Amino acid sequence: MLIPHPLLGLRDAQEFVYLGDASLLNRPDGMAEGAAEAFGDYVYLRDNPAGVHRELWFHEQGDRSWLVVTRDTTTHEILGAELARDVALAAKGGAA
Amino acid sequence: MKGVLMRFSGFRVFKEALSGHKGWAPLWRNPDPQPEYDYVIVGGGGHGLATAYYLATTFRKSRIALLERGWLGQGNIGRNTTIIRSNYLLPGNEPFYEFSMKLWEGMEQAFNFNAMVSQRGILNLIHTDGQRDAYRRRGNAMLLAGADAELLDVAQVREMAPFLNFDNARFPIKGGLMQRRAGTARHDGVAWGYARGADLAGVDLIQNCEVTGFRIEEGRVRGVETSRGSIGAQKVGVAVAGNSSRVMALAGMRLPIESHALQAFVSEGLKPTIPGVITFGAGHFYVSQSDKGGLVFGGDIEGYNSYAQRGNLPTVEDVAEGGMALMPMIGRARLLRSWGGLMDMSMDGSPIIDKTPIEGLMLNAGWCYGGFKATPASGYCFAHLLATDTPHPTARALRLDRFARGYVIDEKGVGATPNLH
């Protein structure tokens with residue numbers, strides 16, 4: 001698999017380490033009401049879809065950036081990649 | 001054809017050979033679904049078939065249907081490396097796997113079918129002092145649970161497997177943990193034996209019947225919607241490892257599971273050379289030799305979510321490197337076939353046999369890449385849960401809520417990272 005790194009172009013997936021579902025970017029508030037349940041869900045539960053999946057890859061043997069890669073889990077086709085930093089900031093409503 | 005009781009025996013084989021093999025009948029019926037059952041089991045793989053078998057025989061239940069999307073034994077029961085063993089460490093796991101080992105030892109007599117269970121032993125190699133300590137502890141845990149375990153020194157390993165690379169600079173072999181009762185079994189034969197046994201006990205094995213939804217009323221399951229119509233049920237047991245997340249999503253549940261692809265390989269047929277199963281944990285490579293002579297081996301999962309039932313070439317290379325490091329002679333053997341299957345990788349590397357928050361709906365899932373050896377106990381314990389509403393004593397720890405409650409069973413101690421288990 002080749003991952004289209006937004007800064008470095010096509011890179012071999014072997015250079016990356018896989019973490020999993022991109023929802024891991026949305027860490028719950030540890031001080032909020034029901035935080036224990038929210039963290040139980042956050043740490044252990046996954047959607048695990050057959051089809052398009054947004055997931056975190058770390059470019060360990062490259063520029064050491066985190067990417068959000070969109071990939072089809074039924075074909076392994078990679079549909080796109082963004083810097084995880086941009087995704088996280090956009091979710092918070094800030095500028096990249 | 002219904003009710004045909006066909007017993008297998010040496011005499012029968014002899015008689016059929018003399019009469020042109022005209023007397024063999026199909027091993028099971030091919031019934032249409034009834035509108036209502038007491039028990040519906042979703043998934044016609046090894047675990048589903050074993051569940052149906054024990055539910056009908058040991059627990060004497062009737063009105064049971066097993067629904068399979070494709071054909072029986074289509075999934076991982078037909079795509080594994082056929083290893084059976086009970087060499088686990090943790091108290092939540094080891095008694096369960098030892099129970100499974102004991103069922104393996106008696107299953108062929110029980111269901112009168114040759115599953116080619118061969119207790120040729122498994123050898124886990126030791127490379128460092130630290131690993132020897134860990135394996136000694138594991139061996140003691142196995143003995144405490146009633147299993148067998150033996151710590152071998154390097155001379156004993158050399159006698160058993162002289163072809164190993166004992167003087168590898170990075171991973172020199174210093175000994176091994178041996179379980180002599182472990183071994184291999186004919187994986188398809190296991191599925192067929194359970195299927196035939198379940199059919200003879202009156203279970204409707206319904207193929208080409210995909211579950212498309214659950215009928216849930218007031219928090220209680222009432223049946224399933226399928227590609228062959230609606231089927232009512234008092235209790236529904238789901239055993240569809242690889243696709244557990246997809247099926248349970250139909251009931252509105254999210255699971256502590258990711259699906260990953262695992263590859264396995266077989267070489268051309270060679271003369272008998274490997275005495276049992278040998279595992280090289282440091283490089284994650286495991287190998288045995290089939291009765292046909294092919295070396296059957298595998299390694300790590302691919303490491304990213306996948307429903308593709310195939311892997312990629314970097315893992316092939318990685319497995320081949322593991323093989324070369326362990327037994328350089330493997331380099332002269334040609335690879336005949338490779339294939340992939342879908343693993344229910346759970347968040348602690350251990351399985352789930354439990355009720356769900358939906359009354360009457362029960363789940364058997366999360367087998368990672370160790371499901372084959374568990375087939376008999378998984379079926380027995382799941383049938384126990386379905387029949388009695390209480391967990392079997394050896395499966396009490398395999399709860400669905402253990403993650404949120406902090407009672408994970410993490411043999412490797414790597415936490416909620418499914419691709420590292």
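Numbers restart at 1 for each chain; the letters A, B, ... are given by sequence-line order, proteins then strands. From a predicted model like this one, the values you see are computed outputs, not experimental measurements.
Heavy-atom pairs under 4.5 Å with chain B peak, among A:Pro49, A:Ala36, A:Gly40, A:Gly20, at A:Pro49. Interface summary for chain A: among B:Thr417, B:Ile257, B:Val408, the most heavy-atom pairs under 4.5 angstrom belong to B:Ile257. Across B:Gly415, B:Gly406, B:Ser306, the residue that shares the most heavy-atom pairs under 4.5 angstrom with chain A is B:Ser306. The residue among B:Gln309, B:Met253, B:Arg310 with the most heavy atom pairs within less than 4.5 Å of chain A is B:Arg310.
In terms of heavy atoms, B:Arg246 sits closest to A:Ala50 at NE-CB, 3.5 Å. Pairing each heavy atom of B:Ala308 with each of A:His76, the nearest pair is CB-NE2, 3.5 Å.
Residue-environment remark: CG (B:Leu313) stays at or below the threshold of 12 foreign heavy atoms within 6.0 Å.
Between A:Asp47 and B:Arg254 there is a side-chain heavy-atom pair separated by less than 4.5 Å. In this structure, A:Asn48 and B:Tyr307 have side chains that are in contact, with non-hydrogen atoms separated by less than 4.5 Å. Taking the side chain as every heavy atom from C-beta outward, A:Val43 and B:Met347 never approach each other to under 4.5 Å.
Proximity to chain A is limited to the side chain of B:Asn312, based on heavy atoms less than 4.5 angstrom apart. Residue contact with chain A, scored on non-hydrogen atoms closer than 4.5 Å, involves the backbone of B:Leu255 exclusively. Neither the backbone nor the side chain of B:Arg405 has a heavy atom closer than 4.5 Å to any heavy atom of chain A. Both the backbone and the side chain of A:Thr74 come within contact range of chain B, judged by heavy atoms closer than 4.5 Å. For B:Ala416, the parts sitting under 4.5 Å from any heavy atom of chain A are the backbone and the side chain alike.
Note that the OG atom of B:Ser259 and the CZ atom of A:Arg46 stand 12.5 Å from one another [nearest 0.5 Å]. Here A:Glu55 contributes atom CD and B:Glu258 contributes atom CD; the two are 9.0 Å apart, rounded to the nearest 0.5 Å.
For the 3.5 Å distance criterion, the side chains of A:Tyr44 and B:Asp348 fail to qualify, holding no donor opposite an acceptor.
Aromatic ring centres of B:Tyr304 and A:His53: separated by at least 6.0 Å.
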